[in-house]
2 protein chains.
Amino acid sequence: MSRSIAVLFMFMALALATTVAQAPPGPATTHTLMPVPKSVAFQAGRLPVQAGLTVAISKHSDPRLLAGLDRTLRRLERRTGLEFPRGLAQDASAATLVVQVDGPGSRVPSLDENESYTLTIDGKQASLKAPTVVGALRGFETLLQLLAGDRDGYYLPAVTINDEPRFPWRGLMIDVGRHFLPIEVIKRNLDGMAAMKLNVLHLHLTEDQGFRIESKKFPKLHQQGSDGLFFTQDQVREIIAYAAERGIRVVPEFDMPGHVTAWLVGHPELGSAPGPYEIVRTWGVVDAALDPTREGTYKFLDVFLGEMAALFPDAYLHIGGDENEGKHWNANPAIKAFMAKNSLADAHALQAYFNRRLLKILTKHGKRMMGWDEIFHPDLPKNIVVQSWRGPQSLAEGARNGYTGILSNGYYIDLMEPTSRHYLVDPLPASSGLSPEEAARIIGGEATMWSEWVTPETVDSRIWPRTAAIAERFWSPASVRDVADMYRRLITVSLQLEDLGLQHESLAPMMLRRMTGTHAIGPIGTLAAVVEPVKGYRRGREKPGGQLTPLTGLVDVARADSMAALKFRMAVDEMLSDAPRFRDRREEIVTTLQTWRDIRPAIDRLIDGAPILREAAPLAVDLAAMGTMGIEAVSYLATGTASPTGWRETALAQLDAAAKPRAALELAVVLPLRKLVVACAEMAQLSAMSRDAWKTRVDTLAAPPPPPKR
Amino acid sequence: MSRSIAVLFMFMALALATTVAQAPPGPATTHTLMPVPKSVAFQAGRLPVQAGLTVAISKHSDPRLLAGLDRTLRRLERRTGLEFPRGLAQDASAATLVVQVDGPGSRVPSLDENESYTLTIDGKQASLKAPTVVGALRGFETLLQLLAGDRDGYYLPAVTINDEPRFPWRGLMIDVGRHFLPIEVIKRNLDGMAAMKLNVLHLHLTEDQGFRIESKKFPKLHQQGSDGLFFTQDQVREIIAYAAERGIRVVPEFDMPGHVTAWLVGHPELGSAPGPYEIVRTWGVVDAALDPTREGTYKFLDVFLGEMAALFPDAYLHIGGDENEGKHWNANPAIKAFMAKNSLADAHALQAYFNRRLLKILTKHGKRMMGWDEIFHPDLPKNIVVQSWRGPQSLAEGARNGYTGILSNGYYIDLMEPTSRHYLVDPLPASSGLSPEEAARIIGGEATMWSEWVTPETVDSRIWPRTAAIAERFWSPASVRDVADMYRRLITVSLQLEDLGLQHESLAPMMLRRMTGTHAIGPIGTLAAVVEPVKGYRRGREKPGGQLTPLTGLVDVARADSMAALKFRMAVDEMLSDAPRFRDRREEIVTTLQTWRDIRPAIDRLIDGAPILREAAPLAVDLAAMGTMGIEAVSYLATGTASPTGWRETALAQLDAAAKPRAALELAVVLPLRKLVVACAEMAQLSAMSRDAWKTRVDTLAAPPPPPKR
């Protein structure tokens, strides 16, 4: 662990300080490709990228390939500032890049598309070969990630790459129900997905809080259920076309029989309670549910799903099915009577009945059914797809029973967990115990961007860059799971994603300027960089709010997985590993601690003029105290002085207090401070054990008390 | 001048360091309103802005008013983080804000709309009264600009504002012909315009380089003339509706008979030369022109302009008319014969004939004609509007002859001039010598965003914040022209504009991250902050490029009117005014100079990995040399030491070299360095004259050599 952290630090320092590395004389030994290809072999040599760059297409060509090539060349131009000649080269042998595609692949992106490609670069030419256009698109993204520059100019390193995805279903679910996200947000995220070789955009279109798609058959659905915030059918077609151009499927979800309040505002007759209904403005599970006992419900769904099936070309249609607790069913005498008459023992059985009816409708309209764990039922056929929010065991159980599934548990990016945690979750872990045949039924996964706490302004910063690491889990070989190396590459990739219009990196300074009314956001930026939003489902408890609450506070600026905190943690680990000298990185650590110690006057001035930041004041107080405490600790360590009696206890108590969330934020640098404090108190033990053992002892003693339940 | 600079500095320091000012105990004495209202009187007191804020509408109401109110409240919520109750208060007397509007005003925004409003705020209530909905929308923007915060929370200061615009035509022209700018860019700029109380979006839709609007009558126009980059008619309707919601007219321009190459790609039969034509990829005036001698041309224009007249509801349609030099006309024997037969002496006469025919077509379709200076001709009726790119004299001449006009000369924001320069240009200067009746014919002005050197990525940073100052020129009383006070307010306003999605502030860091592949852009950011793009028409000569050239270099990051340079210039002026002590601001100046002196190692490392930045290396070399030189100068001044013989000459020669553009960029801090150098050499004169006289002498001697012709 400490070795991998040291390696990570080395790479981060390289990435942060020297940018694109100088080209090595021999083959490249490291790269910033994400997702990591199936096989990569660098050779000596390089292909210069210059203003004369030409491209030839030597086999199949079509508008989608040409458009993808054009986007690739324009992105290369933007990054290099070079202007390439337009049009294709006639002589493939002389072209800088030759693209050789066997055929178009599926017209509509499909689950069984061949996405493989090979990319070979030597000093003369780059050659990209793929069986399908989508394979070539994936290869273009790899090509762009290979671009490097040094004193001799831009170039592509000599390399041979053979690549194909591990899983065919690599998705991002975006919930546009709870907070609507307009088409331009969806489009730039599709660009980000394509860059990370994701291939399924799952749109969660309907919720208790909003019905987000135009229905021409039942216009009251969107007119009364959306506050005017919905995709028109033209926009849906635009999204689908934009996605298809990038080899991405669009799977729509119409969540039922629960999560349907927004449907019922305009169509209360579909509900299981008498109504009337209003759009829900709060979060959590509510009781509204479709009435599965009336034929009118199925007539309605037949027409509505027929309309949607015609709009969305994908083979799958997601019917949700989650979190219906059946309260309104059990409270409705007519429904209870129906259940008794039809021997449906409970709400689960009634939902299975509903799903069988739905399945007929979907089959009639040419769609396969997909749903969350709850739809799993022995009555349903084996060609449905189950999306597991419950976890790998539920997924594996489905696979053993012959059901196809994808994993989402572990990829809930709305919960603000660190990238490393998502990264190590595997849809098909080595320990699954599944036979090869069973394992083949686990076809991928989806990151889920539930939107309780995001707006069009902040959503990019919640999706990226963490979803890039999840994309790697779905694409790259299972053996690719070095966390330090993932972070090293993620830093670079995150900046490349900005080029696609994503605003995850520029958001924080913008929001801080808005709060403070000044460009001089330095001190509050320093604080924002070392705090993280509370994780899991704590946000709603720590700082309650609903759909109408503005999401423009410090918690909305802060990001999961603070890079500044990671950097500081690594620096402290390095310094402590340098016991008993404690010299490595000490100067840098002290500089950081001084910045914290001295932060208060400037931050207080900012807060005085920006009441929205008042809630951050206690965090600043604690950060300043941690600065003072840390400097004391480092000075004890550096001089080999024992800390005074009681100092450790006082300091740790102070850190326990500092670890508590305020304003739904956590200081992400408490642990390294605990280590510094413990190290001081344990200095006397250094003579009695090895350096590594001592460091392990410090790490263990410094481990924080178990976190409160979420 | 030096006093106003001192005042400016004081305000900048306030704005940069302390953000929103503490509320004064008495009436506010300063504000950051832009444009400045016709009359503002602050009183003692404040109206708290709290979570319980309620709004009542006491008279006329309609969807446009409600939508404007909703946007206003949501922006207040975003800035304060407070959630206000939804819905309108029934009891107006108890509401925090009462809106009283007499009537809807024009359904389609019109030139004679009454945009006045009064806003009265006391400790109990804010009251906004307006004769029209558009007047209320203008008042909402003022209300938002009044929001302040201090330790007691957010509030609106007690004030009485009576406001109305000086000119009824306050426009921004955006050229989407040379570089296309998609609908989301237009929309966010419409929001920025509304915030600055601009009321005309002039879309320059057709150019030699692109035909940017869908024609259903003649689809070859956009299909063959746009590279697929054009507004669909649905998008045009969306833009018009979005603008109308904000009280903004949309005036379309179809430039003819010149600037028409993109029309002729699909319709060569309309041209004066045989063709074929291709989309022009370079900049400058080309020879293509419509053939004004063939009846077919007018039949075509009748149908096309009829289609466009139906699409755009505004009363005016702009026919361009500029820069046709008649070369293709004079080269075409049939056209020459037509001219002879009809006694049309020259191209100008033929164009006047063309315009008379066009006028008939426009009149038939219910539109008034508008065009650039060149359309001015005694044959045309008085109800046309002339847009002057030639200048105030040309405009005044038109007014004396009975023609209505607006000014654009002086507002060419594409030329990268400082805000102060545009700000002081007045469409109707006190010196115009026009009678009141003639003066009334000058109805406003338009900033013009010609798009040779902008992309969707950079255009916001070229329009904003400078256009805010131009908007003030068009709205506020002529007497409002204090440059220092304008800059003070502009700094705040620029950040408020970000809240509307405009990316002018976040662009530079994003682009620098893309170039360098790192977050650690500090040194290159320092350089980028003190350079400005070359001004006027030099860019094309200093760094040639065309429509297909990527605009992602340092010159595209740099902005006109460097704020960092302005700050440094003011600091140097203050220090020199403190002769012979030279103590004021010296420490700050030396710190800045040290940063420059030491910039090279870090910047060289960044450039090594980012060949696109290589062109910036000489600028960094010069900046470092200026740092060294400046530190020497300050030390001579501080110690009263005479500089060595020849030092001044060597230093000034070095500065002359540093003043030369490189990479189409100019170092914006050469002048203060010249002052420091000259001041050293002139120290001996200090005893012989007053401090002010000495400072004037230094300023005069330091004035740079006359700039080269542009």
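Below, chain A is the first sequence line, B the second, and so on; all start at residue 1.
Q496(B) does not touch chain A: none of its heavy atoms, backbone or side chain, sits under 4.5 Å away. In this structure, the portion of T80(B) lying under 4.5 Å from any heavy atom of chain A is its backbone and not its side chain. Residue D556(B): no heavy atom, backbone or side chain, is found under 4.5 Å from chain A. Contact annotation for L551(B): neither backbone nor side-chain heavy atoms come within less than 4.5 Å of a heavy atom of chain A.
Annotation: the span from L497(B) atom CG to R514(A) atom CZ amounts to 13.0 Å, rounded to 0.5 Å. Atom CZ of residue R78(A) and atom CD of residue E457(B) lie 6.0 Å apart, to the nearest 0.5 angstrom. For the atom pair NZ (K187(A)) and CD (E184(B)), the distance works out to 6.5 Å, reported to the nearest 0.5 Å.
Scanning both residues, A610(B) and Y154(A), for their nearest heavy atoms gives C-OH, 3.8 Å. Taking all atoms of both residues into account, the shortest heavy-atom contact from L82(A) to P550(B) is O-CG, 3.2 Å. Heavy-atom minimum distance, D150(A) versus P611(B): O-CG, 3.5 Å.
For the set I521(B), T32(B), D499(B), the entry with the most heavy-atom pairs within less than 4.5 Å of chain A is D499(B). Interface summary for chain B: among E77(A), R614(A), R513(A), the most heavy-atom pairs under 4.5 angstrom belong to R513(A). Your options are P456(A), G553(A), G153(A), and the one with the most heavy-atom pairs under 4.5 Å with chain B is G153(A). When each of Q503(A), M510(A), R74(A), M511(A) is scored by its heavy-atom pairs under 4.5 Å with chain B, the top score falls to M510(A).
Summarising the local packing, CD of E83(A) is surrounded by more than 12 heavy atoms from other residues, nucleotides or ligands at distances under 6.0 Å.
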Could you give me the CA-CA distance, side-chain angles and deciding distance for I612(B) and R79(A), then say whether side-chain contact (heavy atoms from CB on, under 4.5 Å) is met? CA-CA 8 Å; I612(B) 189 172; R79(A) 282 172 61 192; over 6 Å; no
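Remark: the backbone N or O of L548(A) is paired with a side-chain donor or acceptor of R86(B) at under 3.5 angstrom.
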